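All values derive from a computational prediction rather than experimental measurement. Along the sequence shown, residues are numbered consecutively beginning with 1.
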Amino acid sequence: MGAGTALFLAAVDGLPGPAFAAPSPLPGWTRAHVVAHVHYNAEALRRLTRWARTGEPTPMYPGGRRAAEIEDGATQPPEHLRELVHASAAALAADFAGLSPDALAATVVTAQGRSVPAAEIAWLRAREVMVHTVDLDAGLAFPDLPEDFTTALVTDVAAQRCRAGEAAALASWLTGRSHQAPSLGTWL
């Protein structure tokens, strides 16, 4: 989580202000959308740390505001977005570091409705910041990410694809039985 956050923040800090308006590789999203999303993701994961600490159910995105938050955040000036993403990253790191062993073992529910131990918040954040560092299209690609991370990511994504009923098509392609990558649904 820490290494991925540092990588993401360095990429954000390296973008000149006008570059925030440039398209990202994500359809319909600029780089500002990516930065806003990562900021609001930190806030959402902070809600899960609060849930783990207090036992009071706290959804990641109350009232389904995720998309509206990202759209609003993407309109913020680049310097303000930089401040927001740095502040929320620091706050999440502090909140997570403050969780007791019992809180880390507490069950929380992700935005996708999966029940997970709060300890998994670190993985959820690492996944977000590492993948979205690539999505900033600022010079880093998947081969630049740590191999242990990409191995864990492939394992995680393959499990999600299998739960979504895409195992057969994925297995056919990964074993070389199909020469064309399968058409897959959305990741998250």
Colleague: Are the side chain of Arg177 and the backbone N or O of Thr175 linked by a donor-acceptor pair below 3.5 Å?
Modeller: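 Pair found, side chain donor or acceptor close to backbone of Thr175.
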Colleague: Is there a donor-acceptor contact under 3.5 Å from the side chain of Arg161 to the main chain of Leu184?
Modeller: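 Checked: no pair found.
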Colleague: Closest heavy-atom contact between Pro25 and Asp137?
Modeller: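 In terms of heavy atoms, the two residues are closest at CD-CB, 4.0 Å.
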Colleague: Hey, does His33 have a side-chain heavy atom less than 4.5 Å from the side chain of Glu71?
Modeller: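 They are in side-chain contact.
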Colleague: Would you call Phe8 and Val34 a side-chain contact if the rule is heavy atoms closer than 4.5 Å?
Modeller: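 Sidechains of Val34 and Phe8: in contact.
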Colleague: Taking all non-hydrogen atoms of both residues, which atom of Val129 and which atom of Thr133 are closest, and how far apart?
Modeller: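 For Val129 versus Thr133, the nearest heavy atoms are O-OG1, 2.6 Å.
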Colleague: Please name the pair of heavy atoms, one in Ala21 and one in Thr30, separated by the smallest distance, quoted to 0.1 Å.
Modeller: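 Distance-wise, the nearest heavy atoms are O-CG2, 3.5 Å.
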Colleague: Side chains of Trp173 and Gln180: closer than 4.5 Å at any heavy-atom pair?
Modeller: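 The answer is no, as the side chains (C-beta and beyond) never meet within the 4.5 Å cut-off.
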Colleague: Does a salt bridge link Arg50 with Asp95, judged by any charged N lying under 4.0 Å from a carboxylate O?
Modeller: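 Salt bridge between Arg50 and Asp95, a charged N being under 4.0 Å from a carboxylate O: no.
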Colleague: Enter the distance from Thr49:OG1 to Arg125:CZ here, rounded to the nearest 0.5 Å.
Modeller: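 Result: 11.5 Å between the selected atoms.
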Colleague: Does the side chain of Phe20 reach to within under 4.5 Å of the side chain of Glu79, using non-hydrogen atoms?
Modeller: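 A side-chain contact under 4.5 Å is absent here.
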Colleague: Does the ring centre of His37 sit less than 6.0 Å away from the ring centre of Trp29?
Modeller: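 Centroid separation for Trp29 and His37: below 6.0 Å.
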Colleague: If you look at every heavy atom in Pro57 and Gly55, which pair is closest and at what distance?
Modeller: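 The pair with the smallest heavy-atom distance is CD-O, 3.3 Å.
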Colleague: Spell out, as yes or no, whether a donor-acceptor pair under 3.5 Å connects the side chain of Arg114 to the backbone of Val109.
Modeller: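 Checked: no pair found.
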Colleague: For Asp135, give me all partners under salt bridge (Lys or Arg N to Asp or Glu O under 4.0 Å), at least two apart in sequence or on another chain.
Modeller: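 None.
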Colleague: For residues Pro146 and Met130, determine if any side-chain heavy atom of one lies less than 4.5 Å from a side-chain heavy atom of the other.
Modeller: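 Side chain of Pro146 against side chain of Met130, heavy atoms only: contact under 4.5 Å found.
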Colleague: Rounded to the nearest 0.5 Å, what separation is found between the CH2 atom of Trp51 and the CE atom of Met60?
Modeller: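 It comes to 10.5 Å.
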Colleague: Under a plain distance cut-off of 3.5 Å, with no hydrogens placed, do His39 and Glu69 share a side-chain donor-acceptor pair?
Modeller: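 There is no such pair between these side chains.
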Colleague: In Å, rounded to the nearest 0.5 Å, how long is the span from CZ of Arg53 to CG of Leu48?
Modeller: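 Between Arg53 CZ and Leu48 CG, I get 11.5 Å after rounding to 0.5 Å.
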Colleague: Do His86 and Val12 make a side-chain contact, defined as non-hydrogen atoms from C-beta onward lying under 4.5 Å apart?
Modeller: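 Not touching, per the 4.5 Å side-chain cut-off.
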Colleague: Between Ser172 and Ala168, is there a donor-acceptor pair closer than 3.5 Å when you use the side chain of the first and the backbone of the second?
Modeller: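 Not at all, since once roles are kept as given, no pair shorter than 3.5 Å links the two residues.
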Colleague: What heavy-atom pair brings Ala52 and Ala118 nearest, and what distance separates the two atoms?
Modeller: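 The pair with the smallest heavy-atom distance is CB-CB, 3.4 Å.
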Colleague: Do Leu145 and Leu7 come close enough that some side-chain heavy atom pair is under 4.5 Å?
Modeller: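 Answer yes - side chains close enough.
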Colleague: I need the minimum non-hydrogen distance between Ser115 and Thr107, along with the two atoms involved.
Modeller: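 Nearest heavy atoms, Ser115 then Thr107: CB-CG2, 3.7 Å.
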Colleague: Check whether any side-chain heavy atom of Val116 lies under 4.5 Å from a side-chain heavy atom of Trp123, and answer yes or no.
Modeller: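 Result no, sub-4.5 Å side-chain heavy-atom pair not found.
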Colleague: If we ignore hydrogens and angles and just use 3.5 Å, is the side chain of Arg47 paired with the main-chain N or O of Thr58 as donor and acceptor?
Modeller: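 Absent.
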